[in-house]
Amino acid sequence: MEEFYQKEQEKDEAMSQALQKSFDRIAWLRLAVFLAAVVLLYLGLTERPGKELYLIGGIVCFVGFLVLIRIHDGIEKKQRLLSARKTAVENYPARFGTEWRSFPDDGSKYLKKEDTVAYDLDLLGPGSLYQMISICQSAYGKWRLADTLNDPYAVYEERAERQEAIRELAGKPEFLLDYESVVRQAFLDPRKHPTRDDDTKKPGKTYKPGKIRFAGWMGILMVLVPLMNLAVIALILIGMIQPAWILVSFIVGYAITAGCKGKLEEQTRGIFTSEMTSGQVYPIFKTIQDAEFSSKRLSEIRERVAGNDGMLVAQKKLSHLADLKNLDYNPVVGMLLTGFAGWDFFLAYMASNWDKKHGQAFAGSFDIVAELEELGSFAVLSVVRPTCVPELSEDEKGLHFHEMLHPLLDPETVVANDGDLSSPLTIITGSNMSGKTTFLRTLAINLVLSYVGAGVTAKDFRSGYRRLFTSMRVQDDVAGGISTFYAEILRIKEMAEYIGEGKGAPAICLIDEIFKGTNSADRIVGAGEALKKLSAGDSMVIVSTHDFELCSLTRENGEAAENHHFEESYDDDKLVFDYKMKAGPCTTRNARALLTLAGLMGDAK
């Protein structure tokens with residue numbers, strides 16, 4: 001698969017060089033035609049033999065100049081799209097290793113203090129699943145992916161459809177590249193819209209259909225400004241007035257149009273400041289239309305785009321309208337169009353007509369872009385990591401996995417684990433740094449992936465559907481007067497309250513080093529009572545601990561806890577870890593050995 005992206009990089013580089021040559025040629029030709037237009041218009045507007053021919057030649061050159069601008073803009077669009085594609089292609093090799101940790105968008109802005117599971121499992125934030133898999137470029141897609149990671153239960157009922165769609169997308173790496181590219185170039189347009197980059201809060205849909213109004217007085221001025229200029233040009237040509245009057249006419253037309261600009265922009269703001277208005281947005285929907293999908297979810301998305309509701313047509317018309325609007329960004333062309341044609345009146349008129357005909361279809365495009373970005377992001381994991389389709393059953397009581405590994409660790413060094421955890425209470429012991437915490441996170445992050453319909457990083461994975469709770473990276477709150485120990489108590493209290501209510505899915509509670517913030521005597525007693533309560537009923541608890549006393553713990557019904565452990569070995573007085581989970585309680589300790597290796601303790605033998 002990595003060879004595929006290398007070939008794509010080579011292909012894109014060749015295309016980039018060809019486009020640059022075309023871009024340079026058109027730029028020089030455009031300048032030459034513009035200068036010719038200026039000279040010919042000057043000759044045509046001053047008294048001399050054959051001035052009419054000069055004027056006609058100047059007008060033809062000016063029209064040619066406008067055509068060359070469109071051609072030049074078309075090449076520039078292709079360059080922006082290609083640049084976006086090159087970035088997308090370059091990101092994939094980084095995902096095959098660990099270089100993805102340098103990606104700028106890590107989802108930190110979407111991580112709230114109360115999102116303890118997302119924080120514990122690195123679902124969001126630096127070094128997170130979000131940072132690794134996200135291909136989202138629109139604010140809508142970014143928020144949708146973050147919301148799914150924060151609340152995987154919200155999409156669980158759609159899991160079967162999502163699973164089918166994500167699997168299909170994972171088998172279409174070229175589509176994923178093309179789609180990310182067209183969205184990237186649309187939402188990273190250098191001409192920023194005011195609402196486009198504000199990712200600190202959920203974006204609203206700034207466009208609402210049927211809200212654009214084109215008043216009668218606007219129509220009068222739309223006709224008056226160009227008609228006035230045409231009349232002056234005609235009078236100059238028949239010799240009734242001096243050529244200098246064209247400058248007066250231009251200034252008057254410019255003053256009228258510029259004076260109404262604020263009102264016109266207020267009327268059309270729903271289109272021209274919408275996050276989905278860029279002239280580069282149409283290729284997003286063209287890419288969807290051109291794709292072939294077999295899964296139900298993706299087929300429905302394509303039908304909404306290409307079907308009878310007119311979304312693709314709406315986007316195509318809007319793309320043309322946005323291209324015309326973009327002429328304003330050229331200072332010379334924008335000034336001439338404003339003064340001679342009353343350009344902003346025409347834009348407002350066309351925007352109003354578009355809104356009436358296509359506004360309703362366009363309104364649904366926000367969700368389409370976001371949904372494909374989110375599904376595509378989860379598909380990325382199956383492109384860059386070995387995954388399987390998880391089996392989830394409401395009747396399954398345990399957890400069964402084969403060669404399960406952590407998706408965020410270095411694929412060259414990560415260690416896979418097998419396991420069949422069937423007991424409601426599992427105690428995992430092991431020495432320091434042996435892999436207990438990593439195992440808990442590996443299990444939890446794969447559970448989250450299975451709930452959202454994504455592939456899980458294992459060869460086989462079977463589980464029941466459970467509400468996931470974690471207590472791992474527990475922090476104190478100095479300002480709130482909460483110690484680490486009390487913060488952990490609050491986490492476990494939340495688990496107990498959910499289990500006690502007996503509503504919703506059974507719980508699975510993953511607890512790392514339970515009650516490590518207090519003394520050993522209180523910890524063992526408190527942990528024993530808490531674990532008995534948490535493992536009641538259909539709930540399931542997996543806890544890591546250094547307290548071997550907990551290995552003999554029994555549930556309230558007298559059933560013994562299931563024990564597993566991680567261990568170390570020694571090679572030439574060096575600690576060696578295999579990070580493999582084994583049956584039974586741990587029988588080794590390594591704290592003294594670690595202190596000795598650090599030079600803080602004498603020979604521990």
Item to check | Criterion side-chain hydrogen bond (donor to acceptor under 3.5 Å, both in side chains) on Asn229 and Ser249, from CA distance to verdict | outcome: CA-CA 6 Å; Asn229 283 292; Ser249 175; 2.6 Å; yes

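Taking a cutoff of 4.0 Å between a charged side-chain nitrogen and a carboxylate oxygen, Arg297 and Glu158 qualify as a salt bridge. In summary, Asp73 and Lys77 do not engage in a salt bridge, as defined by a charged side-chain N under 4.0 Å from a carboxylate O. Comment: Lys11 engages Glu8 in a salt bridge, judged by a side-chain N to carboxylate O separation of less than 4.0 angstrom. Ion pair Glu374/Arg162 flagged as a salt bridge, since at least one NZ, NE, NH1 or NH2 atom sits closer than 4.0 Å to an Asp/Glu carboxylate oxygen.
Summarising the local packing, CZ of Phe293 is surrounded by more than 12 heavy atoms from other residues, nucleotides or ligands at distances under 6.0 Å. Within 6.0 Å of CD in Gln242 there are 12 or fewer heavy atoms belonging to other residues, nucleotides or ligands. Shown here is Glu292, whose CD atom has no more than 12 heavy atoms of other residues, nucleotides or ligands within 6.0 Å. Under a cut-off of 6.0 angstrom, the local environment of CZ in Phe214 is crowded, with over 12 non-hydrogen atoms contributed by other residues, nucleotides or ligands.
Phe175 and Tyr179 have parallel rings, their planes meeting at less than 30° on a 0 to 90° scale where 60° marks the start of perpendicular.
Listed by chain and number, the residues in a side chain to side chain contact (heavy atoms under 4.5 Å, CB included) with Asp12 are Leu82, Arg85, Lys86, Val89 (sequence neighbours excluded).
The one candidate from Phe23, Phe65, Trp28, Phe34 that meets the ring-ring contact (aromatic ring centres under 6.0 Å, His included) condition with His72 is Phe23.
One distance of note links CD1 of Ile246 with CG of Leu235; it measures 10.0 Å at 0.5 Å rounding. To the nearest 0.5 angstrom, Arg80 atom CZ is 10.0 Å from Ser83 atom OG. Summarising the geometry, atom CG belonging to Leu298 is positioned 6.5 Å from atom CG belonging to Leu372; distances are rounded to the nearest 0.5 Å.
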